[in-house]
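Can you read through this structure? Questions will come right after.
In what follows, every chain begins at residue 1, and chains take the letters A, B, ... in the order their sequences are listed.
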Amino acid sequence: MAEKDISLPEASNFIEQIINEELAAGKLEPVGNKVKVRFPPEPNGYLHIGHLKALSINFGVKEKYRGEINLRMDDTNPAKESYEYVDAIVEALDWLGLKYDRLLFASDYYDRLYEIAEKYIADGNAYVCDLSAEQITATRGTLTEPGTPSPYRNRSVEENLRLFREMKAGKYPDGAKVLRAKIDMASPNINMRDPVIYRIAHVPHYRQGDKWCIYPMYDFAHPVSDAIEGITHSLCSLEFENHRPLYDWMVEKAGFPAPVPRQIEFARLNITNTLMSKRYLKKLVDEGVVRGWDDPRMPTLAGLKNRGVPARALKKFVEGVGVAKAYAVVNVAQLDSCVRDDLNESAERAMAVVDPLRLTITNYSGEEELPFEKNPLRPEDGSRGIKFTGSVYIERDDFALVPPPKYKRLTVGGTVRLKGAYVVRCDEAVTDENGRVTELKCTYFPESKSGSGLPCAVKAKGVVQWVDCKYGVPAEFRQYEQLLKDEQYPDQDYAERLNYDSEHVFSGYAEPYLAAAEENAPFQLMRAGYYKKCTQGGLVLSEIVSLKDNFNK
RNA sequence: UGGGGUGUCGCCAAGCGGUAAGGCACGGGAUUUUGAUUCCCGCAUUCGUAGGUUCAAAUCCUGCCACCCCAGCCA
């Protein structure tokens with residue numbers, strides 16, 4: 001094909017390759033080579049991390065081709081939709097910093113859609129069918145056998161028009177009649193066997209009230225909505241591949257001028273140990289298993305936000321995952337890596353002790369304020385002072401009576417550095433009558449003071465975080481076990497996947513700075529080995545409940 | 001068994017006839033006041049499989065195998 005003189009951006013995935021080819025072939029010239037896409041969620045739930053891929057692809061195309069993108073609520077099923085969800089969707093995009101050109105609603109096209117349905121009828125492309133839902137199913141045929149035509153298939157245009165208008169006027173109860181596209185009952189593609197395009201539902205719509213008692217179906221509303229908006233590329237997930245001929249049929253029979261929207265499918269995002277079915281997530285919310293759609297355990301964007309995951313990390317993750325047509329399950333480790341990577345750059349370092357063990361320095365008296373770098377990677381952020389009195393709490397598992405092999409932290413007779421302070425040697429572990437360690441008696445080495453710059457004779461192989469006994473603030477920490485332990489798509493029923501451990505609350509101490517910090521501010525806790533063990537993106541945040549109490553909704 | 005798709009390293013994923021990018025994970029080493037970070041080094045003679053075309057194939061052709069999607073008046 002001849003190269004056009006318009007300069008094409010470099011395609012970074014197969015969708016952009018297709019767009020480039022179309023541009024090069026001049027297919028978009030009638031609209032000034034303006035690429036127009038849309039992100040079309042149904043407002044029946046919160047956006048989750050799976051939607052991020054569609055978001056990324058659509059917004060990516062829009063950016064790359066300097067085109068336009070509509071945020072369109074695909075609200076054609078009044079039984080499931082509400083403003084709560086449209087608000088949540090709008091908020092999620094806002095949080096991600098994604099700017100769309102306009103917010104639209106499929107329900108605003110109901111009049112136009114109705115007119116087009118009448119046109120289908122007038123052109124002999126649609127008919128009113130009196131068969132029940134069961135009968136329609138029964139006559140649709142099977143994967144290997146063709147369907148049988150409805151006895152109502154050959155009604156006259158006049159009769160169809162009359163009946164359809166009566167449906168709209170509310171003359172019939174739910175299920176009594178439907179409008180069907182007249183295509184091919186013997187098509188090997190089951191979706192082409194006279195699909196229903198309008199149904200009767202005497203259900204009020206959250207935006208249209210009771211204006212309508214017939215509602216358009218996705219297979220009709222979606223392509224036509226795309227065409228109405230002048231969408232050039234309708235990007236959706238793989239399961240709609242079978243619907244593409246229907247999509248094209250709808251647009252063609254509606255009589256829109258070229259260029260007509262083109263549907264292109266890509267593989268949706270799956271992540272190990274993460275369930276992303278809206279139906280399932282809604283169940284968790286409805287049954288009170290979680291606190292809400294934005295519970296930190298949820299894979300929703302709102303939940304991730306509350307978990308302390310930066311929007312930037314999410315974007316990087318989804319960009320790194322790529323766009324293809326092969327079924328894929330990305331390992332959560334890849335998400336974790338992006339979160340760690342971002343937080344490592346941006347997060348302030350903080351100390352907190354979830355399971356405290358008292359450590360007393362026997363040769364230290366008085367107190368002093370030690371500077372503590374907010375983020376060693378960004379010296380410009382400065383430091384803050386942390387009070388030190390020689391009596392601190394350390395994490396219980398940062399001490400071991402009988403150290404496992406290669407243990408780098410404190411043992412009796414061993415040394416360790418108190419992060420930002422001094423190296424200490426443990427002289428004695430005080431135990432109670434049960435043999436449980438209650439206190440550590442230590443000696444500190446004044447010359448080992450952090451930041452002194454002096455070559456220090458005393459080396460410690462490990463570093464542990466601590467909170468001062470006098471100045472630390474009592475805190476409660478809430479930590480969550482992994483919500484779902486199954487791999488994606490295990491061979492079991494959805495209902496059986498409701499197993500997870502509930503939240504755990506620990507009483508400990510936090511440095512005053514942490515306690516006073518902003519809600520949802522991401523921190524990197526300075527705990528030994530924290531990165532490798534933590535399942536929440538490798539960093540952050542057990543919520544600090546008693547001090548911040550930021551999840552009381 | 002009908003139709004539509006997909007198969008490149010443990011997980012994603014480039015590649016588009018000229019002799020296998022990158023990321024995650026993993027292993028080894030160096031630096032380190034986070035067992036973190038950073039830093040080196042290693043990690044597919046092979047592209048589902050069997051043939052064929054070609055000087056040359058993951059890329060073209062043919063057969064086979066595996067997996068996914070479709071029988072909502074959901075989207």
(request) Sequence neighbours left out, what passes ring pair (Phe, Tyr, Trp, His ring centres under 6.0 Å) with A:Phe220? Give chain and number order. (result) A:Tyr120, A:Tyr198
(request) Grab the CG-P distance between A:Asn375 and B:U38 for me, whole Å please. (result) 13 Å
(message) Please report the distance, rounded to the nearest Å, between CD in A:Glu265 and C1' in B:G4.
(response) 10 Å
(message) A cation-pi test, strictly: NZ or CZ of A:Lys325 under 6.0 Å from the centre of the six-membered ring of A:Phe266 and no more than 45 degrees from its axis. Yes or no?
(response)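 Pair A:Lys325/A:Phe266 does not count as cation-pi.
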(request) Would you indicate what A:Gln17 reaches in the nucleic acid, counting non-hydrogen atoms under 4.0 angstrom: base, sugar-phosphate, or nothing? (result) base
(message) Looking at A:Glu368 and A:Lys449, is there a salt bridge between them, counting it only when a charged N and a carboxylate O are closer than 4.0 Å?
(response) yes
(request) Please determine, for B:A56, whether a Watson-Crick or G-U wobble partner exists with both distances under 3.5 Å, and give it or none. (result) none
(message) Less than 4.5 Å apart, side chain to side chain, heavy atoms only: is that true for A:Leu359 and A:Trp466?
(response) no
(message) Considering every strand and a 4.0 Å limit on heavy-atom distances, what is the contact class for A:Lys408: base, sugar-phosphate, or nothing?
(response)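 Base contact - A:Lys408 has a heavy atom under 4.0 Å of at least one base atom.
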(request) Test for a donor-acceptor pair under 3.5 Å between the base of B:G4 and the side chain of A:Arg244, counting only N and O atoms. (result)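 For A:Arg244, whose side chain was compared with the base of B:G4, there is no donor-acceptor pair (under 3.5 Å).
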(request) For A:Phe240, check ring pair (Phe, Tyr, Trp, His ring centres under 6.0 Å) against everything at least two apart and list the hits. (result) A:Tyr218, A:His243
(request) Kindly write out the residues that satisfy side-chain contact (heavy atoms from CB on, under 4.5 Å) with A:Asp174, not counting sequence neighbours, or none if the list is empty. (result) A:Ile200, A:His202
(request) Please measure how far the P atom in B:C67 lies from the corresponding atom in B:G29, and state the result in whole Å. (result)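 Each nucleotide's P atom is 42 Å from the other's.
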(message) Of the listed nucleotides (B:G35, B:C12, B:A13), which one gets closest to any side-chain atom of A:Ala326?
(response)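 When the side chain of A:Ala326 is considered, B:A13 is the closest of B:G35, B:C12, B:A13.
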(message) Between B:C61 and B:U53, how many Å separate the two P atoms, rounded to a whole number?
(response)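 Roughly 15 Å separates the two P atoms.
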(message) For the C1' atoms, the ones on B:G4 and on B:G28, what distance do you get once it is rounded to whole angstrom?
(response)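 It comes out at 48 Å once rounded to the nearest Å.
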(message) Looking at B:G17, which nucleotide sits across from it as a Watson-Crick or G-U wobble partner, both distances under 3.5 angstrom, or is there none?
(response)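 Paired with no nucleotide.
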(request) Return the 5'-most residue of the pair A:Val323, A:Ala421 with respect to RNA chain B, ranking by each residue's nearest nucleotide. (result) A:Val323
(request) With C1' as the reference atom in both, quote the distance from B:A13 to B:U8 in angstrom, rounded to an integer. (result)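 The answer is 9 Å between these two C1' atoms.
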(request) Could I get the full list of side-chain hydrogen bond (donor to acceptor under 3.5 Å, both in side chains) partners for A:Arg38, not counting sequence neighbours? (result)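 With sequence neighbours excluded, A:Arg38 shows a side-chain hydrogen bond (donor to acceptor under 3.5 Å, both in side chains) to A:His222, A:Ser234, given in chain and number order.
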(message) Could you check whether A:Arg384 makes a cation-pi contact with A:Tyr513, meaning its NZ or CZ is under 6.0 Å from the centre of the six-membered ring and within 45° of the ring axis?
(response) yes
(request) Assign each of A:Leu418 and A:Phe14 to its nearest nucleotide of RNA chain B by heavy atoms, then name whichever residue's nucleotide is nearer the 5' end. (result)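 Nearest-nucleotide comparison on RNA chain B picks A:Phe14.
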(message) Measure CG/A:Asp397 against P/B:G35 and give the value in whole Å, please.
(response)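 Distance, rounded to whole Å: 12 Å.
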(message) Is it the case that the base of B:G5 and the side chain of A:Glu241 share a donor-acceptor contact (distance under 3.5 Å, atom types as modelled)?
(response) no
(request) Write down the partner of B:C64 under the Watson-Crick or G-U wobble criteria, each distance required to be under 3.5 Å. (result)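 Check on B:C64: paired to B:G48, both distances under 3.5 Å.
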(request) Provide, to the nearest angstrom, the distance between the CG atom belonging to A:Leu377 and the P atom belonging to B:U38. (result) 8 Å
(request) Nearest whole angstrom, please: distance from the P of B:A21 to the CG of A:Asn13. (result) 21 Å
(request) Starting at atom CG of A:Leu335, determine the distance to atom C1' of B:C11, rounded to an integer number of angstrom. (result) 13 Å
(request) Using the test ring pair (Phe, Tyr, Trp, His ring centres under 6.0 Å), find all partners of A:Tyr152 that sit at least two apart in sequence or belong to another chain. (result) none
(request) Between B:G48 and B:G15, how far apart are the P atoms? Round to whole Å, please. (result) 16 Å
(message) Please pick, from B:U1, B:C11, B:U37, the nucleotide with the shortest atom-to-atom distance to any side-chain atom of A:Thr144.
(response) B:U1
(request) Answer with base, sugar-phosphate or nothing: what part of the nucleic acid does A:Lys278 contact at a heavy-atom distance below 4.0 Å? (result)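 If one applies the 4.0 Å heavy-atom cut-off, A:Lys278 turns out to touch nothing in the nucleic acid.
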(request) Could you tell me whether B:G5 is syn or anti, where syn means a glycosidic angle within 90 degrees of zero? (result) anti
(message) Taking any heavy-atom pair under 4.0 Å as a contact, classify A:Tyr407: base, sugar-phosphate, or nothing.
(response)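 Base contact - A:Tyr407 has a heavy atom under 4.0 Å of at least one base atom.
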(message) If I pick the P atom on B:C47 and the same atom on B:G51, what distance separates them, to the nearest angstrom?
(response) 12 Å
(request) With P as the reference atom in both, quote the distance from B:C68 to B:C12 in angstrom, rounded to an integer. (result)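 My reading of the P atoms in B:C68 and B:C12 gives 14 Å.
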(message) Rounded to whole Å, how long is the line connecting atom CG of A:Asn344 with atom P of B:C24?
(response)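 Roughly 13 Å, once rounded to whole Å.
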(message) Let's test this: given Watson-Crick or G-U wobble pairing with both distances under 3.5 Å, identify the partner of B:G2.
(response)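 Because both required distances fall under 3.5 Å, B:G2 counts as paired with B:C70.
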(request) Classify every nucleotide of nucleotides 68-75 of chain B by which part a protein heavy atom approaches to under 4.0 Å, writing B for the base, S for the sugar-phosphate alone and - for neither, in 5'-to-3' order. (result) -BBBSBSB
(message) Looking only at side-chain N and O atoms, does A:Glu81 offer a donor or acceptor that is under 3.5 Å from a partner on A:Asn44?
(response)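 Looking only at side-chain atoms, A:Glu81 and A:Asn44 do not form any donor-acceptor pair under 3.5 Å.
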(request) Take the protein atom CZ of A:Phe266 and the nucleotide atom P of B:A13, then report the distance between them rounded to whole Å. (result) 13 Å
(request) Sort out the partner of B:A30 for me: Watson-Crick or G-U wobble, both distances under 3.5 Å, none otherwise. (result)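 Its partner is B:U38 (Watson-Crick or G-U wobble, both distances under 3.5 Å).
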(message) Rounding to an integer number of angstrom, what distance separates B:C60 and B:C16 when you compare their C1' atoms?
(response)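 Between the two C1' atoms, the distance is 11 Å.
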